[in-house]
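Data first, discussion second: the structure below is written as structure tokens.
Every chain is numbered from 1 and lettered A, B, ... according to where its sequence line falls, protein lines coming before strand lines. These numbers come from the heavy atoms of this one structure, side chains and all, not from hydrogens, waters or symmetry mates.
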Amino acid sequence: MTALRFENLTLGYDRHPAIHHLTTRVEEGAMTAIVGPNGAGKSTLLKGIVGELRPITGRIEGVAERIAYLPQISEIDRSFPVDVESVVAMGLWREVGAFGRIGAAARARVADAIAAVGLEGLERRPIGALSGGQMQRVLFCRLMLQNAPLILLDEPFAAVDRRTMDDLLALLAQWNREGRTILAVLHSFDEVRRHFPTTMLIARELIAHGDTASVLSTENLSRARAIGEAFDEAAPVCRRAA
Amino acid sequence: MDLLFAPFTDFGFMRRALVGCIAISFGAAPIGVFLMLRRMSLTGDAMAHAILPGAAIGYLFAGLSLSAMTIGGLVAGMTVALAAGFVTRSTILREDASLAAFYLISLALGVTIVSTHGSNVDLMDVLFGTVLALNDDALILLCAIATVSLFVMAALFRPLVMECLDPSFLRTVSRMSATAHFAFLGLAVLNLVAGFHALGTLMAVGMMVLPGATARFWAKGVGLMMAVAVAVAAVASAAGLLLSFHFGLPSGPAIVLALGAAYTVSVVFGKEGSVVARHRLRSRHLEA
């Protein structure tokens, strides 16, 4: 089964493509890393999948009704007077909505999720008092409660220490074992090789997608690097066919 | 004791003023908490000024008519809030700039209309309010607005909090983001219109912003903060009215000054994050 199918997809800003003519598909239950140089269109691709950005041309098919998405820079207001438990419980929105009661069963799930990310005892801590790693655990915890079949993560380990990263990677692996499809933008090839069976290498266009070991070949990586990251103001209209 | 209660027991206009102000407290103060949390306190100020020309136009066409001025104020306020919201959501401009642009346009338009009609109507009432002359219709309007606004806030509480805390998350899980945003702006305008009947367009926003800012220093959670804000607004209203009665001060500014006193005390001595609280915490740090 295919979880996502990209058909000649072009996404960008002000007519400049961040990624163009992408045609590939992601299998259901895949654990895929998205890698590529800065400006390759990785974050843009995730924004396209969640629907934050509309395609300039082409299509994304098979997008699950429920997606759990962790953006690169969370817009979360850390000075807002709210505790860890409340932020985590936001993950239940799809089930409880604006008016639904958060019953005993839901509360137990929140408690389990908080324990699973290793934040027991911090339920009542205001989010302004958390460290960067703890905050990332909170966001993972919220993702977990969203109980989505498709999980998108944009550089989830950019600002966390080794131990936090290992804990969070273990969680990702567990979610994947539960049958969820995981797409994560990552920069460290070490982690990608060790934990992600499939990889999508992009650099404004698809370089390679498949088995991690063969995608991360020297040849593919140097091709990815060769594609400049800056927009060319005088770029001609792209005439490439699908 | 007599100084505190006699004005209200002896004079009907003082009782009416107090009831009106308490109604405004219940509607406007919780809105003020959200304005403060969303860093929109100045936005409230801008919207209050946007209401003035609408109310003035109503005044021009129908004289000192409660409904004409209310409708005029609502239309002007909503137009500015919606237009600013639209520009924020569909262009590069941020909310503060787009709102400032629209309220300036609205203000200039109002002043132009008033001056070209060459009317000598006294707009002092609109500017500074008539809290000591609230009639039955005005009181019913204030109470109705407070009731509607409490119900809507209760219904939209979760999306409103999420829209403040993490707007992009709310957008990925729900379509309620825009609803919550515009409903909130609508409530703010509604309460500012209620406020201007009593305190005038210049002072109305004081009943919104000052209780919210004061409550931040006394409560940890949003719910409690709203309760504190309502209490602060109601008590300061009574205090302001008494000051105005005993010392012959203009009542609208007296109420806002009472709120200002509560705010100043809270900035210094408040329980959460005030000057004193922060200083005390700094000098005695914990083991871990």
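- Inspection of non-hydrogen atoms places no residue of residues 205-213 of chain B under 4.5 Å from chain A.
- Listed in order of number, the residues of residues 170-184 of chain A that approach chain B to under 4.5 Å between heavy atoms amount to none.
- If you measure heavy-atom distances from B/Ala180 to chain A, you find no contacts under 4.5 Å at all.
- Two residues are said to be in side-chain contact when any heavy atoms from C-beta on lie closer than 4.5 Å; A/Ile127 and B/Leu165 meet this criterion.
- When all heavy atoms of A/Ala98 and B/Pro159 are compared, the pair lying nearest together is CB-CD, 3.8 Å.
- Residues of residues 104-122 of chain A lying under 4.5 angstrom from chain B, judged on non-hydrogen atoms, do not exist.
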Distance-only check: which donor-acceptor pairs of chain A and chain B lie under 3.5 Å?
{"from": "A/Asp77", "atom 1": "N", "to": "B/Leu165", "atom 2": "O", "distance (Å)": "2.8"}
{"from": "A/Asp77", "atom 1": "OD1", "to": "B/Arg39", "atom 2": "NH2", "distance (Å)": "3.0"}
{"from": "A/Asp77", "atom 1": "OD2", "to": "B/Arg39", "atom 2": "NH2", "distance (Å)": "3.4"}
{"from": "A/Ser79", "atom 1": "O", "to": "B/Arg216", "atom 2": "NH2", "distance (Å)": "3.1"}
{"from": "A/Ser79", "atom 1": "OG", "to": "B/Arg39", "atom 2": "NH2", "distance (Å)": "3.0"}
{"from": "A/Gly97", "atom 1": "O", "to": "B/Arg158", "atom 2": "NH1", "distance (Å)": "3.0"}
{"from": "A/Gly100", "atom 1": "O", "to": "B/Arg158", "atom 2": "NH1", "distance (Å)": "2.8"}
{"from": "A/Gly100", "atom 1": "O", "to": "B/Arg158", "atom 2": "NH2", "distance (Å)": "2.8"}
{"from": "A/Arg142", "atom 1": "NH1", "to": "B/Asp166", "atom 2": "OD2", "distance (Å)": "3.0"}
{"from": "A/Arg142", "atom 1": "NH2", "to": "B/Asp166", "atom 2": "OD2", "distance (Å)": "2.8"}

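- For chain B, no part of A/Leu70 is nearby; none of its heavy atoms comes within less than 4.5 Å.
- By the 4.5 Å heavy-atom criterion applied to side chains, A/Phe80 and B/Leu37 are counted as neighbours.
- Heavy atoms of other residues, nucleotides or ligands lying less than 6.0 angstrom from CZ of B/Phe26 number 12 at most.
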